[in-house]
Every structure is written in C-alpha cells, then in structure tokens.
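Small disclaimer: the values here were computed from a predicted structure and weren't measured.
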Amino acid sequence: MAIEYQSFVKTLRSGLKAEFPPEAKSIEYAKQLDASDELGSLRNNFIIPTKVSLKKKALNGFLPGPMAITSSEETSPSVYFVGNSLGAQPKCIRNYLDTQLETWASLGVNGHFSSLEKSPLTSWQDLAADCAQKSLDLVGAASPTEIIYMNTLTVNLHLMMASFYRPTEKRHKIIAEWKPFPSDSYAIASQIQWHGLSPSTSLIEIQPDPETNYIPTSRILSLISEHGDSTALLLLPGIQYYTGQLFDIPLITRAAHEKGITVGWDLAHAVGNVELSLHAWDVDFAVWCTYKYLNAGPGAIAGVFVHEKHHGPADPDPSYAELGYRHRLAGWYGADKAVRFNMEKEFRPAEGAHGFQVSNPSAIDLASLSGALSVFNKTRMCQLRDKALVLTAYLEWLLEGLLAGNSDKNGQPAFKIITPGNPLERGSQLSLLLKPGSLDKVSKALQEGGVVCDARKPDVIRVAPVPMYCRFEDVWQFIEVFRKAIHL
Ligand SMILES: Cc1ncc(COP(=O)(O)O)c(C=O)c1O
C-alpha cells in the first residue's frame, strides 16, 4: 500500500481537507503512515507513561516503558494525547538535571560563572540566554535578545502588561476574547483595575460565533476598527485553549498596529505546536509556558518575546525618553550582565528581552528546559507542523467516520468537533463537545482504555496527538477506545 504522505502535507498546507482512502480505517494503514513518517524516531526521545505506570501508587524506582523495568512489567504505552496540557518527559532531562546537580555539588557558588567540561549546560548566569538561542526557530525571533526565559506564564503576562499596557484617558481599553484561560482573564481584569479603571468600560471581549464556537477573524477586525482609537492593547491567545482555534496572528497584529494598538500574544498553546514568526509579524510582545508542547516539565520556567523595535531609542514609549529604556517592573537580573554584580543603585537594563528579567532564575528549572529544547533542536518547526497537519487530519477523518450514521434517536450526533475544520486554523488539538452529562462516563472509559486526554467541564474533551512523540497508530487506538466510550 503506497502512502502519499507528502501529498497529504501539500493538500493540508493549502488549507484543504485531506481525503484518506477507505482502507485508512485499518490499523495497517495507520502503521503505514507511521512508516512513512520521517519524524517517527523522535518518539524514542521520550518516556511515554504506560497503561500500568498510570496506575502506580508508590515509588518503585522503575521508569515506565522499555527503559528500566522489571521483565514482568507491562510495557504497553498509553495513548498520550495530553501534550497540550503537560508534555511527556524527554529522556535526556534526567541527564541534564544530574549534570546540574553534579555542577552544583562540585563547584558550589562558582557554578554561576563557570561550567564543567563535557556538560551540555552553560554557567547558570548564561543559561537563560542559551535557552533563548535554542528557541529562535520555535518562535521566529530575529536574535536571542528578543527572547528570555524567566518566572511563569501568568507572572510574565503581568510583567509585560506592566510595561506595554500604559492606559491614557484616550486609550485605555484592552481587546481580548470572550473566554481566555482564567489566569489570563484575572490578569487582564486586575491590570485594568490596578490603573484605577473598570473592566466594564475598559475591557472589550470578542464573542464567538454561536454556531461554531470560534471567533471569525472578521469579527476581530471589526472590533479593532470600532474601538481602535480608544484601545491601548490587544491581547489574544495564539491558539484558544478551549476550542483549539489558531488565530491569524500576522493579519490581526497588522490591523491592530494600523490603529496604533500595541499587540501581545499568549502562546501557551501555540509554541512548539505551530510555526511562529514573531519578529517578521511585528508582534510587540508574547508570553508562553514550556510545560505543554515544549515538554520542560510541570510548572517549568516560562518564555517571553519582546520585539527588537522595543529594545532601543526607536521605541515610541514616552518612558524611553525619560528613562533611556522602556519602563518595566525591574529587578537585579534585568541589569546588564557586565554590571549586574557591581551592586549599583542605578538600573541599567540588559539588551532586549533580557532586560526584563527580575530575579535569579532557577538553574534546575533551566536545566530541564535546556534538555527539552535539545530535542526540538533535532528537528525544525516546519517539519513538526507538516506531521501535525497529517496526524490531526487523520484523527478528524476517523472521528467523522464515527459520526456518520451514529446519531441518536433524536437525530443528535454523539459528539461535535468544535475546532475549526480548516487545517490552517488549528494546531494539534481537536476539541470534542460531548452530549450533555456524558463527560464523566466518557472520561472514565478513556482512562480505563489507556487513553490520556484532557476533560473540560461541562462537556468537552480536548484530544491532542502531538507530532513530537505521538503516532498514527495511537490515533487509530484512540478511536477504538472512544468509539466504545460514546456508546456506553
Ligand atoms: C492560555 C494559558 N494561560 C495561562 C496559563 C497559566 O499558566 P501558569 O500557571 O504557568 O501561569 C495557562 C495554563 O495552562 C494557559 O493555558
């Protein structure tokens, strides 16, 4: 059976649906797709929880899978479709953490300024910058000074808003979407209130289309037009966490800039998932976490992008003329490295995004991120995106097969895909709206069938076959378990 893998990529890249042949319903076809996938071996870099390890109740010193288990232990991997929430563990992270522990144990405080030969890690002082260097392709930055790793996502969102949301009497509004991730909602509302304003007058929420649940670009553009003169900041997610909708970042950014609006993106669900060109798209700032598609571990250190145009005197922010740099909530790690340890009273920021650092970052955390990024550096985002397009299209096609002729006696379908059908308007996630009241039952059945995916109350499951370590065979297995789950 010859599989036209590249022709699927081509079709999907032009925004069309991929037509799989009838035999694509078989496990053999799924395995053929895996055999045609040039990125298939990347999975070997990860520890995928097994069906048995997911039930583990006590530490036993063994890792799941064929790495280091007793011969009697079941090694069958779970279908891990939750990389949009917490990525699977890269095997190399253990070595990166061990390296850091040995460095700390051996060099003590001197590890801030020196590293050991043969170590994949730099001195702790340079580690965040090294991770920035390794992330250029991930976010499409022009230089590592546009990226910094620090704090966590919501904290970075606050720090960026402290610098980029400077409301005036005339321009005080923030345009956001109707249902941001709650942390973003709280951050936006509290920033507005921090300035003595009220969300009732300063927050514009873009409502979705009631039919499809996602937000048409035209609606965003018309709100930008309508509120352009009174809006200070447009803040949207690159990918909406609930529906999986990927926004047209370059188009929306351009339209907002034409109205003089500053533009920030929360890329929690986009980074490591879709291709990004933040510099070329002229995005003012962006923030992201590293525990989802980047696989750096639960609660791992987060990323920030600050466009080069805000690094120097060309920055139109009035505070620049006053201070010599854009105003920010500063801390000693944002000071230029050359003078950071001189303990000077006057703040002299490091270049670009690096000057937005506040505290000494956790070197353990950065070691974990560095390991995770080393796996991304084995490939390129465009290749991962190629695979993601086909993987997600295959999932969609099999789901549509389940829907065909599967309505209940009232003619209602067993579930609805609420993620856009256009492959260019979504990443690796498909969100499935279940029949009211069926979420707990379906979730339980998926869990018992060895599927790990995310449930969002009241009725949605989010299914994310991420291209880094998920297989077409996993998609096929998911469908088998899901078919039974919705019929229970
Ligand atoms: C879109 C979005 N924003 C914010 C957050 C909160 O992130 P953190 O707890 O790292 O601040 C998340 C977490 O999943 C998220 O998905």
Side-chain angles (χ1 to χ4, degrees), residues 84 128-129 131-165 174-177 180-181 183-184 187-188 191 220 232-241 245-257 261-294 296 300-311 315 317 326 328-329 334 351-358 369 373 376 381 385 427:
N84 57 341
C131 289
Q133 174 72 45
K134 288 177 172 156
S135 304
L136 294 177
D137 176 53
L138 279 177
V139 297
S143 83
T145 56
E146 286 188 320
I147 305 170
I148 195 62
Y149 284 99
M150 58 184 193
N151 316 307
T152 46
L153 172 52
T154 313
V155 172
N156 288 341
L157 187 54
H158 273 300
L159 289 175
M160 286 300 105
M161 288 171 81
S163 197
F164 286 92
Y165 175 54
I174 297 182
I175 299 182
E177 45 126 350
F181 190 87
S183 205
D184 295 34
I188 292 168
Q191 284 278 341
I220 304 176
L233 178 68
L234 176 129
L235 185 66
L236 286 175
I239 290 186
Q240 214 277 352
Y241 83 98
Q245 176 183 5
L246 167 62
F247 290 98
D248 190 335
I249 301 176
L251 180 70
I252 295 166
T253 302
R254 216 169 30 247
H257 281 167
I261 301 170
T262 300
V263 182
W265 292 90
D266 177 343
L267 302 176
H269 291 264
V271 73
N273 181 11
V274 292
E275 291 154 293
L276 298 167
S277 299
L278 299 184
H279 180 86
W281 295 341
D282 207 24
V283 164
D284 293 291
F285 73 87
V287 289
W288 61 93
C289 57
T290 61
Y291 43 76
K292 299 177 187 296
Y293 293 89
L294 297 190
I301 197 162
V304 168
F305 169 92
V306 178
H307 197 281
E308 199 175 54
K309 68 186 178 181
H310 296 297
H311 296 188
D315 189 327
D317 188 83
R326 169 176 276 271
R328 67 208 57 195
L329 296 184
E351 195 184 345
H354 298 206
F356 285 81
Q357 291 174 93
V358 178
L369 174 63
L373 293 174
F376 274 88
M381 267 319 296
R385 178 66 169 149

Requested in this report: With side-chain contact (heavy atoms from CB on, under 4.5 Å) as the test, would you mind laying out the steps for His310 and Phe164 before giving the verdict?
Outcome: CA-CA 10 Å; His310 296 297; Phe164 286 92; 3.6 Å; yes

Would you check if the side chain of [X] reaches a backbone N or O of [Y] as a donor-acceptor pair within less than 3.5 Å?
X: Asp266; Y: Leu235; result: no
X: Ser277; Y: Gly140; result: no
X: Gln357; Y: His354; result: yes

**Report entry** Residue among Val287, Ile239, Ile249 satisfying side chain to side chain contact (heavy atoms under 4.5 Å, CB included) with Leu267
**Finding:** Ile249

Report task. Can you spot which of Phe376, Trp288, Tyr293 makes a side chain to side chain contact (heavy atoms under 4.5 Å, CB included) with Leu138? Result -> Phe376

Query raised in the report: Parallel, tilted or perpendicular: which describes the rings of His269 and Tyr241, with under 30° parallel and over 60° perpendicular?
Result: tilted

Query raised in the report: What class does the angle between the rings of Phe247 and Trp265 fall in, given that below 30° is parallel, 30 to 60° is tilted and above 60° is perpendicular?
Result: tilted

Closest approach of [X] and [Y], non-hydrogen atoms and distance?
X: Leu246; Y: Arg385; value: CD2-NH2, 4.1 Å
X: Gly303; Y: Asn156; value: O-ND2, 4.0 Å
X: Cys289; Y: Val271; value: O-CG1, 3.9 Å
X: Leu278; Y: His307; value: O-CD2, 4.0 Å

Requested in this report: Examine the side chains of Glu351 and His311 and answer whether a donor and an acceptor come within less than 3.5 Å of each other.
Outcome: no

Query raised in the report: Atom CZ of Phe356 and atom CG of Leu329: how far apart are they, to the nearest 0.5 Å?
Result: 10.0 Å

Query raised in the report: At what distance, to the nearest 0.5 angstrom, does OG of Ser163 lie from NE2 of His158?
Result: 14.5 Å

Report task. Show your working on side-chain contact (heavy atoms from CB on, under 4.5 Å) between Ile174 and Met161 and close with a plain yes or no. Result -> CA-CA 10 Å; Ile174 297 182; Met161 288 171 81; 3.7 Å; yes

Report summary line: salt bridge (Lys or Arg N to Asp or Glu O under 4.0 Å) with Lys309: of Asp284, Asp317, Asp315, only one passes, and it is Asp284

Report task. Carefully, step by step, assess Glu308 and Thr145 under the rule side-chain contact (heavy atoms from CB on, under 4.5 Å). Result -> CA-CA 8 Å; Glu308 199 175 54; Thr145 56; 5.6 Å; no

Report task. Please examine the side chains of Thr262 and Leu233, heavy atoms only from C-beta on, and report whether any two atoms are closer than 4.5 Å. Result -> yes

Requested in this report: Would you sort out whether Leu159 and Met150 count as a side-chain contact (heavy atoms from CB on, under 4.5 Å), showing the intermediate values?
Outcome: CA-CA 11 Å; Leu159 289 175; Met150 58 184 193; 4.1 Å; yes

